[in-house]
Amino acid sequence: MIAGAVATALFIVLRLVNRYGDPIPWSKQNSAVFTLLSFLNLTKYPPSLLFLLMTLGPALLLLAWFERRPAASPADAESSSPTWAGQLKNFFVTFGRVPLFFYILQWFTAHLISVLVHWAAGKPVRWMFGSQIGMTPPPPGVGFNLAVVYLCWLGGVLLLYHSANGLPQ
């Protein structure tokens, strides 16, 4: 918890100083929201010091918080009021136990969902099965708006989560 708090505090102090830790300085914008977004806009590739502090600090704090929470036991699932923190912890533990499984399977799942949604909407799908070498741009009229993409993403995450829940521990 101390390491997470120090990393997060160091991120805030260094970013406020605006001289060290990231090659792109933040600036005051027209609104508070855009100023906050400028403050959080950091160099991800290669990761800057401030990017690492901003991501690892809160991650360590969440890890410490989750470690102090009991997991949702099978008895909680049968009771009328399972703890939301325990269920959330179990959700992340499930993904953490099988990272390579998800890394590999998510590519196939995403492609399958894309093919099914394009097919259901009457859009062309044949172009999704061609070689990537010398590929021409996708045909006009393919793709979906962001709301559909997010729904497909959420469906894929839930599908993978439920498939991993059946794996032996």
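The structure presented is a predicted model; accordingly, all values stated were derived computationally and were not measured.
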_Evaluation steps, side chain to side chain contact (heavy atoms under 4.5 Å, CB included), between Y20 and L49_ = CA-CA 9 Å; Y20 180 75; L49 171 65; 3.6 Å; yes
What distance do [X] atom [atom1] and [Y] atom [atom2] have between them, rounded to the nearest 0.5 Å?
| X | Y | atom1 | atom2 | answer |
| --- | --- | --- | --- | --- |
| W107 | L112 | CH2 | CG | 15.0 Å |
| N41 | L50 | CG | CG | 11.5 Å |
| N18 | I24 | CG | CD1 | 11.5 Å |
| I113 | Q106 | CD1 | CD | 10.5 Å |
| F51 | L56 | CZ | CG | 8.5 Å |

Should we say atom [atom1] of [X] is surrounded by more than 12 heavy atoms from elsewhere, each under 6.0 Å from it?
| X | atom1 | value |
| --- | --- | --- |
| F129 | CZ | yes |
| L154 | CG | yes |
| N145 | CG | yes |

For [X] against [Y], the heavy-atom pair lying closest together:
| X | Y | answer |
| --- | --- | --- |
| S48 | P23 | CB-CD, 4.4 Å |
| P138 | W127 | CB-CZ3, 3.8 Å |
| T109 | L159 | CG2-CD2, 3.9 Å |
| L61 | G4 | CG-C, 3.8 Å |
| K123 | V142 | CD-CA, 4.2 Å |
| S38 | S27 | OG-N, 3.0 Å |

Inset, instruction - Please answer: with hydrophobic residues joined when any side-chain heavy atoms are less than 4.5 Å apart, are L10 and M54 in the same cluster? - result: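 Yes; M54 is reachable from L10 via cluster members.
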Check your understanding: Among the clusters formed by ILVMFWY side chains lying less than 4.5 Å apart, do V117 and Y150 turn up in the same one?
Key ->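 No; tracing contacts between hydrophobic side chains, which count when under 4.5 Å, never links both residues.
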Would you check if [X] and [Y] make a side-chain contact, meaning some heavy-atom pair closer than 4.5 Å?
| X | Y | result |
| --- | --- | --- |
| L60 | M1 | no |
| T8 | L53 | no |
| S114 | M128 | yes |
| L40 | W26 | no |
| R15 | D22 | yes |

| Partners of L37 by side chain to side chain contact (heavy atoms under 4.5 Å, CB included), sequence neighbours excluded? |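 With neighbours one apart ignored, the set is V33, F34.
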- Examine the side chains of Q29 and S31 and answer whether a donor and an acceptor come within less than 3.5 Å of each other.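 No - no donor-acceptor pair under 3.5 Å links their side chains.
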### Message
Using ring centroids (six-membered ring only for Trp), state whether F11 and F39 fall under 6.0 Å.
### Response
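Ring-ring flag for F39/F11: true, centres closer than 6.0 Å.
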